[in-house]
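Reading through the structure tokens given below for one structure.
Every chain is numbered from 1, with letters handed out A, B, ... down the list of sequences. Computed from heavy atoms alone, side chains included, the values below leave out hydrogens, waters and symmetry copies.
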2 protein chains.
Amino acid sequence: MKRRVTLKDVADAVGVHLSTVSRALDPSSPHRVSSELAERIEQASRALGYRKSSAGYSLKTNSTRMIGVIIPDITDPAFPPIIRGIEDALARRGYVAIVANTDGDARRERDMAMMLRDRGVDGLLLASVEITDDPSREDWRDATPVVTVNRQVFGSDVPSVIADEAAGMDAIVTHLVALGHRNIAAIAGPQHLSTGVLRQRGFLAACAALGIGGSPSVAVARGYREEEGERCTETLLATAPPFTALVCANDRLAVGAITALRRRGLECPDDVAVTGFNDMIMVDRLTPPLTTVRVPKHQMGARAADMIVDLIEGKPGLERSAMLPVDLVVRGSTARVRSTVG
Amino acid sequence: MKRRVTLKDVADAVGVHLSTVSRALDPSSPHRVSSELAERIEQASRALGYRKSSAGYSLKTNSTRMIGVIIPDITDPAFPPIIRGIEDALARRGYVAIVANTDGDARRERDMAMMLRDRGVDGLLLASVEITDDPSREDWRDATPVVTVNRQVFGSDVPSVIADEAAGMDAIVTHLVALGHRNIAAIAGPQHLSTGVLRQRGFLAACAALGIGGSPSVAVARGYREEEGERCTETLLATAPPFTALVCANDRLAVGAITALRRRGLECPDDVAVTGFNDMIMVDRLTPPLTTVRVPKHQMGARAADMIVDLIEGKPGLERSAMLPVDLVVRGSTARVRSTVG
DNA sequence: AAATTCCGTGCAAACGATTGCCACAGATCT
DNA sequence: AGATCTGTGGCAATCGTTTGCACGGAATTT
């Protein structure tokens, strides 16, 4: 059971005071140390195997170089790429992430935020917020920088990093119209999430801009799950006017939609074209492969991570928010509308 | 900028020494405090909003209640459920996870382990090990408990939590044989991973036990990726004797296999039955839905987490390793062999 | 009744690092 | 030549806990 090597140990080895060692080892120290001495200290510290104690560091500096990341569920394929982006960017800057799952429960979100604050995280990345949340009212808000990622709180000044949902929807509708579709229905996402409302708005705006007649029928899902996609499709099939294309607010809804259509004897894309949103893993391996909007998930996470670290370290020239561009990726689930209509 | 509330603050408020407060607030303290006083302290601490400083705690106790988790890539669908299990179990016991990705790079694995050790994690969960690794030789090994999860190091005494790979393969082969298949080929996983060799061994053993003639043809994949599944399938199709069933070492390989078969004009399951392993998300939505082996991913993570916490806290009666039972889940990718053969 | 145990609390020493301040050279300025 | 910098390094306080030890009084034992 060998004791840990401390600043004092290497100081004794070199024959200087431990404060000198501290300064020599800190590249950004205001106080400088002669380069000759710095070299000897460097060597001794390496020889002894010195490693700075993060506990001591944190206690003194009140900084842990840890970021709390709160997401609904790491098991939802939408999040791992974002988290990976966060972790990669944080690692580059000497930080790490602690991620907590809420399962969409607001109470758990509060608990997790408290727990993370207790652990002294330097900042919080929130992928779990709802549009009506008010992170600024929380007691921890004034102490801890917060950035939301993938989602945002409406009417709040909390910085966020999101995708250009409207542009994505516009690309989809444009694509469908180009294929000759005029009767387009939609499954909207949950309206308490910014992705849900932004995509729906984008869809409606695009339809209007392209002159799709009347108001398209949309069913709104209670969650981004395949079963909801199925349920909404059933509803649309039962109550909406006939449609040749079905625009879904995300890939999982689209997967459910295709299942439900097939169950009703309708084939995709021959009978109805279906689109998703997100381009999550595996959707290119479905039958048919899904036409969807690729959102830069890794980049989104990385950007949010950089943003919060900038905030923490007081970097200048930091933008308040970011909206990342998206790409339409056309696959097999969309096709030219059948000439023989109804 | 209000100062943080410390033990001293609540001690002053109550009129006792801070050490007494420390004891009163620690339920497992050896030294007890009169319950009347404890009550007053409890109240004062709540009123003042006292929260223990984890930095101070860590510095003094040399324990961070953090566990490092090293995985290949959180973006691979195999891992999120395991991680979720780890996080859930750790949370129950007051710990958190810091996860690091290696992308299968041994050097990065070392770096990450060092980084985590520097941060003072109390233990390490390794999902990235290769069969020839020797975690016990690492310098950090003697200081930090380690448990491997999902994979294991052969011939090592490092505790591990894995699935019963052999039983899974046996269930698959039995199922196929019951459907009348006699010409079974396989795509094995990477042979530097325990899952790869254990599943291959299991497959071969099951074939032998069930009297499948000769030695089945197997192609070995260089990684658990769809493209490798495609490549191996091409190879088998080109060089192996005809087969009616294709057993894949994991779901992603199976997905690739189905793609490749289809490209050659072979339909699954009509022309060849295909099986996966793992039951990852979405495979039930493929066309056809994949017959596979469900491994208890969440439970596996949770078990590993509990195991390492037990190790850390010196809980008695701890088993060294665990092998979790698996289930065969039959879906549409397997069917009775066509009566008209050849 | 004297001696012993217990119980509840205070005291102070760590744990390991950062950093403002001081001291002391030698160099530079008037 | 005397005064003022400037560059290096030491000192000591501080961050917030935990915990072994001491101590006084009450309760128990003999």
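In this structure, the side chain of A:R65 engages the main chain of A:G94 through a donor-acceptor pair within 3.5 Å. In this structure, A:N150 contributes its side chain and A:A127 its backbone to no donor-acceptor pair below 3.5 Å.
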(request) Starting at the 5' end of nucleotides 6-12 of chain D, put B wherever the base has a protein heavy atom under 4.0 Å, S where only the sugar-phosphate does, and a dash everywhere else. (result) --BBBBB
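When all heavy atoms are compared, the tightest approach of B:V21 to B:L7 is CG1-CD2, 3.6 Å. Across all their heavy atoms, A:A163 and A:V295 have their closest contact at CB-CB, 4.1 Å. Of all non-hydrogen atoms in B:V16 and B:I41, the two that sit nearest each other are CG2-CD1, 4.3 Å.
Spacing between atom CZ of B:R40 and atom P of C:dT9 amounts to 9 Å, rounded to whole angstrom units. Separating the CG atom of A:L7 from the P atom of C:dG16 is a distance of 10 Å, rounded to the nearest angstrom. The CG-C1' distance, from B:D118 to C:dA17, rounds to 15 Å in whole Å. Residue A:R51 contributes atom CZ, which lies 21 Å from atom P of C:dC15 at whole-angstrom precision.
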(request) Please report the C-alpha distance between B:S194 and B:Q152 in whole Å, then the side-chain angles of each, then the deciding distance to 0.1 Å, and finally whether the side-chain hydrogen bond (donor to acceptor under 3.5 Å, both in side chains) criterion is met. (result) CA-CA 6 Å; B:S194 64; B:Q152 64 182 188; 5.5 Å; no
(request) Could you give me the CA-CA distance, side-chain angles and deciding distance for B:D310 and B:R93, then say whether salt bridge (charged side-chain N to carboxylate O under 4.0 Å, His left out) is met? (result) CA-CA 10 Å; B:D310 285 345; B:R93 307 188 63 169; 3.0 Å; yes
(request) Could you give me the CA-CA distance, side-chain angles and deciding distance for A:R320 and A:D157, then say whether salt bridge (charged side-chain N to carboxylate O under 4.0 Å, His left out) is met? (result) CA-CA 8 Å; A:R320 300 297 295 164; A:D157 61 344; 5.0 Å; no
(request) Assess whether salt bridge (charged side-chain N to carboxylate O under 4.0 Å, His left out) is satisfied between A:D73 and B:R84, documenting all intermediate values. (result) CA-CA 8 Å; A:D73 180 13; B:R84 183 67 203 262; 2.8 Å; yes
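Residues from residues 54-67 of chain A with heavy atoms under 4.0 angstrom of DNA chain C, sorted by number: A:G56, A:Y57, A:L59, A:K60, A:T61.
A:R119 CZ: more than 12 foreign heavy atoms inside a 6.0 Å radius. Residue A:D118 places its CG atom among more than 12 non-hydrogen atoms of other residues, nucleotides or ligands, all under 6.0 Å distant.
If one axis is set at each end of the helix from C:dA1-D:dT30 to C:dT30-D:dA1 from five pairs, those axes are 40° apart, to 10°.
Residue A:S22 has a polar side-chain atom (N or O) positioned under 4.0 Å from OP1 or OP2 of C:dT18.
Among the heavy atoms of the strands, none lies under 4.0 Å from A:K8.
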